[in-house]
Amino acid sequence: MAMDSLPSRPLTIAEGRALHRSDAFRMVAPASAHTARGEDERLVSALVLVRDRSVQGVGYDLGTDEWTVVYSESFEAADDGERAAADGLVTAAEEHAQAANEALREWAGHEDREFEAVEDSAVEAEAGESERARALFERYRAVTDADAE
């Protein structure tokens with residue numbers, strides 16, 4: 001499922017912060033950010049979006065040039081008093097935000113590995129991440145340059 005409310009390009013960190021400060025979300029947190037050599041800006045390619053009673057994990061798909069919903073969950077709190085319900089909503093939001101982050105890490109191909117495994121495969125891992133960062137920056141520049149014209 002596509003996320004049409006975001007631009008058809010990765011976001012900058014500043015744009016992610018602006019989303020976080022907007023009234024549309026309770027919280028917006030980056031789940032994946034990339035830096036390219038020679039670039040001052042970092043690009044965000046995965047976000048956890050928290051609203052009052054829902055959490056979404058969205059990732060920028062380079063293959064389709066759009067943001068796609070990787071994780072989406074709505075939740076309610078038990079009606080056991082105003083304070084308990086509010087605490088329940090916060091707990092549910094935190095749990096779903098963590099689940100969205102994990103789903104995005106899996107979707108993006110991030111793996112939790114032992115230090116030795118990462119050390120042994122450092123060249124391959126770095127090359128893969130650099131290639132993704134390069135592609136994200138190319139897409140970002142193509143769209144923003146076209147918008148400037």
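Small disclaimer: the values here were computed from a predicted structure and weren't measured. Worth knowing before you read on, the calculation uses all heavy atoms, side chains too, and leaves out hydrogens, waters and symmetry mates.
Qualifying salt bridge (charged side-chain N to carboxylate O under 4.0 Å, His left out) partners for Glu95, counting only residues two or more places apart in sequence or in other chains: none. In this view, Glu41 satisfies the side-chain hydrogen bond (donor to acceptor under 3.5 Å, both in side chains) rule with no residue, not counting sequence neighbours. Residues passing the side-chain hydrogen bond (donor to acceptor under 3.5 Å, both in side chains) test with Tyr140: none are found, sequence neighbours excluded. Taking the side-chain hydrogen bond (donor to acceptor under 3.5 Å, both in side chains) definition, one finds that Arg139 meets it with Tyr60, Asp65, sequence neighbours left out. The side-chain hydrogen bond (donor to acceptor under 3.5 Å, both in side chains) search around Arg141 returns Glu39, not counting sequence neighbours.
Of the inter-residue distances, the one linking Asp52 atom CG with Phe75 atom CZ reads 8.0 Å to the nearest 0.5 angstrom. Distance CG/Leu43 to OG1/Thr35: 8.0 Å, rounded to 0.5 Å. Distance check: Ser54 OG to Arg26 CZ gives 11.0 Å after rounding to the nearest 0.5 Å.
For the residue pair Glu102/Gln98, the side-chain donor-acceptor check at 3.5 Å is satisfied.
Scanning all heavy atoms of the two residues, the minimum distance from Gly59 to Val70 falls at N-CG2, 4.2 Å. For Leu49 against Phe25, the heavy-atom pair with the smallest separation is CB-CE2, 3.7 Å.
Checking side-chain atoms of Trp67 against main-chain N and O of Ser8 turns up no donor-acceptor pair under 3.5 Å.
Using a 4.5 Å heavy-atom threshold, the side chains of Met27 and Arg51 count as separate. A heavy-atom distance below 4.5 Å is not found between the side chains of Val58 and Trp107.
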With a cut-off of 3.5 Å and sequence neighbours excluded, list every side-chain donor-acceptor pair involving residues 14-21.
unit_1 : atom_1 : unit_2 : atom_2 : d
Glu15  : OE1    : Arg9   : NH1    : 2.9
Glu15  : OE1    : Thr12  : N      : 2.8
Glu15  : OE1    : Thr12  : OG1    : 3.3
Glu15  : OE2    : Arg9   : NH1    : 3.4
Glu15  : OE2    : Arg9   : NH2    : 2.6
His20  : ND1    : Val28  : N      : 3.1

**Asked** Hey, mind stepping through Arg132 and Ser45 against side-chain contact (heavy atoms from CB on, under 4.5 Å) and telling me if it holds?
**Response** CA-CA 10 Å; Arg132 178 153 171 80; Ser45 64; 3.5 Å; yes

